[in-house]
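Input: a single structure, listed below in structure tokens.
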Amino acid sequence: MARRGQHALMLLSAVVASLVPGSTAGVYHIVGAGKGWRMPPNKTYYDDWARSRHISIGDKLMFLYRSGVHNIVEVPTRALFDACSMRNITSRYQNGPTIIELSEPGQRFYFCGVGEHCEVGQKLAINVLLVAPPPPDTPNSAAAATARLSRRASLAAAGLVAALLMAV
């Protein structure tokens with residue numbers, strides 16, 4: 001029970017850090033949104049999630065999962081990723097939840113190495129951008145500030161939902 005509390009505190013701290021104005025902490029991306037890092041409902045679930053994100057250096061991926069049930073394996077190539085191959089692993093994370101800070105641009109490949117989770121679609125390929133794309137043009141700065149606050153509020157809400165999911 002204390003371990004769950006520590007995980008929830010870590011998650012809450014990450015969400016709060018992302019809400020600090022002027023923070024250079026980057027954006028926290030909760031992988032899989034409210035579903036977290038779990039067996040997906042279909043093979044394209046994590047591809048669909050990643051397609052709608054702009055992920056750049058300094059951002060952090062938050063993988064929400066239970067230790068012992070899932071893990072994260074990072075491999076260096078698309079071929080190893082496509083094959084769900086455990087050869088030539090770059091990194092392995094086994095204690096959930098896991099936060100990975102993205103410090104270099106380029107392709108990154110993650111999958112769950114438990115059982116056949118990868119083969120059924122629990123895998124994520126992303127392209128880390130050197131610089132985040134500029135925000136869309138807005139008619140005035142007040143609208144831009146409102147949009148930023150709305151995105152931060154959405155992230156905070158997603159973080160709280162994820163914390164509740166992890167506590168279950």
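Residues take their numbers from the sequence shown, with the count starting at 1. Because only heavy atoms are used, hydrogens play no part in the values below, and waters and symmetry mates are left out as well, while side chains stay in.
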Are [X] and [Y] side-chain neighbours, meaning at least one heavy-atom pair lies under 4.5 Å?
X      : Y     : result
Phe111 : Met86 : yes
Arg87  : Leu80 : yes
Leu64  : Val31 : no
Lys123 : Cys84 : yes

So which atom in [X] and which in [Y] form the shortest heavy-atom distance, rounded to 0.1 Å?
X      : Y      : result
Gly113 : Asn71  : N-OD1, 2.7 Å
Glu104 : Val128 : O-CG1, 3.4 Å
Asn95  : Thr98  : O-OG1, 3.1 Å
Met39  : Lys35  : O-CE, 3.1 Å
Ile72  : Tyr65  : CD1-CE2, 3.6 Å
Val120 : Lys43  : O-CG, 3.6 Å

Just by modelled atom types, is the Val27 backbone N or O under 3.5 Å from a matching donor or acceptor in the Asp59 side chain? yes
Taking Ser67 for its side chain and Gly96 for its backbone only, find out whether a donor-acceptor pair lies under 3.5 Å. yes
Out of Ile55, Leu61, Val75, Ile100, which residue meets the side chain to side chain contact (heavy atoms under 4.5 Å, CB included) rule with Arg108? Ile100
Hey, do the aromatic rings of Tyr46 and Tyr110 have their centres closer than 6.0 Å? no
Could you grab the distance from atom NE2 of His29 to atom CG of Leu124, nearest 0.5 Å is fine? 11.0 Å
CD of Glu119 to NE2 of His117: how many Å apart, nearest 0.5 Å? 9.5 Å
Report the relative orientation of the aromatic rings in Phe109 and Phe81; use parallel for angles under 30°, tilted for 30 to 60°, perpendicular for over 60°. tilted
Which word best sums up how the rings of Phe63 and Trp37 line up, parallel for under 30°, tilted for 30 to 60°, or perpendicular for over 60°? perpendicular
Assigning hydrophobic clusters by single linkage (Ile, Leu, Val, Met, Phe, Trp, Tyr; side-chain heavy-atom cutoff under 4.5 Å), is Val73 placed with Tyr45? no
Less than 2.5 angstrom apart at the SG atoms, yes or no, for Cys118 and Cys112? no
